[in-house]
Amino acid sequence: MSDLLTCAQALAVVQNEMQDRVSPVRVSETVPLGDSLGRVLAQPLAADRDQPPFPRSTRDGFAVRSSDAGTRTILGTIRAGKIWTGPALQQGQAIEIMTGAPLPDGADAVIMIEHVSISESTLHLDTGRTLTAGENVVPRAAEASEGDVLLTQGIRLHAAEIALAASLGYATVEVYLQPRVAILATGDELVDVSQKPATHQIRNSNTHGLATLVRAYGGIPVPFPPVADTREALETAIDQTKDADLLLLSGGVSAGKYDFVEPALLARGGRFFFTGIKMQPGKPVVFGQMPSQYVFGLPGNPISTQVTFLLLVAPLLRALGGEAYPTPHFAQATLAKPVKTKPGLTRFLPAILTPGLDKTTVTLTGWQGSGDLASNARANCYAVIPPDRESLAEGEAITVLLR
Ligand SMILES: Nc1nc2c(c(=O)[nH]1)N[C@H]1C(S)=C(S)[C@@H](COP(=O)(O)OP(=O)(O)OC[C@H]3O[C@@H](n4cnc5c(N)ncnc54)[C@H](O)[C@@H]3O)O[C@H]1N2
Ligand code: MOO
């Protein structure tokens, strides 16, 4: 096991590649903002005017001068979408104002409607209430000034970013093209999901799992038909994936007589950064570079395939898609029950994360090993058990890998 990297070393290898060599795979394209969910920005987005563009009332109430003492005479009403066209507010005056409306000239604060009483057109501040300058008002440009860059290149667009882009007037945005990811499952035992397998055959679930993960992390899956376990078939199939930006193989990377992935990749001009990690599931995982693309040889066991994807492939795929500084999605949680494992390997055990306001707990689903797709589907994360720990107590804080 001595030539295997630790998990931390393997993560560092992928991170180094990303920092030094990975650049977005191709040029960008312009898409309507409504079609930009999950895409990566290829241009900086700047404020076309101050935000807010005017001092904005944050409450329904009355615009006033905070320094006034005593009652105030109400001059009129101003609401969102309108501007006060009357004379500037003077001492002893108030203008009724609605949330989102521009503060009239001369006013410096807003009193909430709940804190006043009105008789005729006279406003009385409730006894004991005081008011300070700026209260219930967001000053012009408090959020951003015209020209400020508010979203930088390399950011993946979700609701928060898309809403901001809309507020800045971007009806279309320039985004990076999505990397194309070739998926090549290997194994004589594999049959298509639409076929009835014989007793000794297995449905090819990895191609479907991987294609879904590729989509989820911003790539375009390019699935190839499964390949037989021979050197010749593998080399021919590898040659057909040359146009893809990233190549993912599943199966054929362990120590068996028919595990030909590594020699076939080497024969087609590949070189390896690592060929195994002290982890389980996922120990035999291979990361390398072909003449025209990066390659991962993922272990065929379906849970090993998915864990190694989330840990290693997902960050690299996100970087190929133009995302700045991607890392695996780790979080911290408290163990709901004690855990016992064999030390020596970092374990990624299928688990259920239960987020809470005060505490987030994690419970193992229990499994029959790295082929247990049913347990994997009951889980929503993987509990990360460090390699030097044989037992962990209830209540211990641990890392989880999210998916
Ligand atoms: N003597 C040793 N044996 C094994 C070792 C080892 O170090 N020494 N490593 C074990 C580990 S850990 C894993 S993980 C597996 C990985 O094996 P391979 O990547 O070579 O995968 P296969 O042998 O081809 O398949 C393993 C398992 O997964 C099923 N499989 C494969 N492809 C698919 C697919 N596309 N869809 C669904 N299921 C698939 C396959 O039928 C096997 O059951 O090796 C251990 N052995
Ligand atoms: O470590 Mo392998 O990846 O599960 O059986």
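Indexing begins at 1, ligand by ligand and atom by atom, following the structure's order.
A donor and an acceptor atom, one from each side chain of S66 and D108, are located under 3.5 Å apart. Judged purely by distance below 3.5 Å, without hydrogens or angles, the side chains of T207 and N204 pair a donor atom with an acceptor atom. In this model, no donor atom of one side chain and acceptor atom of the other lie less than 3.5 Å apart for Q93 and R72. No side-chain N or O of T334 forms a donor-acceptor pair with one of E396 less than 3.5 Å apart. Between Y382 and R403, the side chains place a donor N or O and an acceptor N or O closer than 3.5 Å (distance only, hydrogens not considered). Between the side chains of E174 and T30, no donor N or O sits under 3.5 Å from an acceptor N or O.
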For ligand 2, what N or O to protein N or O distances fall under 3.5 Å?
unit_1	atom_1	unit_2	atom_2	d
ligand 2	1 (O)	G282	N	3.2
ligand 2	3 (O)	G282	N	2.3
ligand 2	3 (O)	S304	OG	2.7
ligand 2	4 (O)	Q280	NE2	3.3
ligand 2	4 (O)	S304	OG	3.2
ligand 2	4 (O)	S370	OG	2.2
ligand 2	5 (O)	N301	ND2	3.4
ligand 2	5 (O)	S370	OG	2.8

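The contact set between ligand 1 and S250, taken as ligand atoms under 4.0 Å from a residue heavy atom, comprises 35 (N). For ligand 1 and N204, the ligand atoms under 4.0 Å from any heavy atom of the residue are 34 (C), 35 (N), 36 (N). Every atom of ligand 1 is numbered from 1 in the order shown, and the set under 4.0 Å from a heavy atom of I202 is 37 (C), 38 (N), 41 (O). Applying the 4.0 Å criterion to heavy atoms of A185 picks out, from ligand 1, the atoms 35 (N).
Looking at ligand 1, you'll find an N or O of G252 within less than 3.5 Å of one of its N or O atoms. The distance criterion of under 3.5 Å between nitrogen or oxygen atoms is not met by S370 with respect to ligand 1. Residue T207 has no nitrogen or oxygen atom sitting less than 3.5 Å from a nitrogen or oxygen atom of ligand 1, judged on distance alone. At least one N or O atom of G300 sits closer than 3.5 Å to an N or O atom of ligand 1. Distances between N or O atoms of V253 and those of ligand 1 include at least one value under 3.5 Å.
At least one protein heavy atom sits closer than 4.0 Å to atom 17 (O) of ligand 1.
At least one heavy atom of R203 sits under 4.0 Å from some atom of ligand 1. At least one heavy atom of P284 sits less than 4.0 Å from an atom of ligand 1.
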| field | Step-by-step side-chain hydrogen bond (donor to acceptor under 3.5 Å, both in side chains) determination, Q332 to T399 | value | CA-CA 5 Å; Q332 297 288 309; T399 299; 3.0 Å; yes
| request: Might you work through the side-chain hydrogen bond (donor to acceptor under 3.5 Å, both in side chains) test for T99 and D60, ending with a clear yes or no? | output: CA-CA 5 Å; T99 303; D60 299 319; 2.9 Å; yes
| message | Evaluate D50 against R140 for salt bridge (Lys or Arg N to Asp or Glu O under 4.0 Å), listing each step before the verdict. | response | CA-CA 7 Å; D50 292 343; R140 176 176 176 157; 2.9 Å; yes
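With sequence neighbours left out, the ring-ring contact (aromatic ring centres under 6.0 Å, His included) criterion links Y294 to F287. For S36, the side-chain contact (heavy atoms from CB on, under 4.5 Å) partners at least two apart in sequence or on another chain are V31, L33, L157, I162, V173.
Salt bridge present: R268 and D239 bring a charged side-chain N and a carboxylate O closer than 4.0 Å.
Among residues at least two apart or in separate chains, salt bridge (Lys or Arg N to Asp or Glu O under 4.0 Å) pairs with a member in residues 149-160 are R156-E323.
Of the candidates D188, L249, N206, the one placing a heavy atom closest to atom 34 (C) of ligand 1 is N206. When the heavy atoms of P302, S254, S205 are ranked by distance to atom 20 (O) of ligand 1, first place goes to S254.
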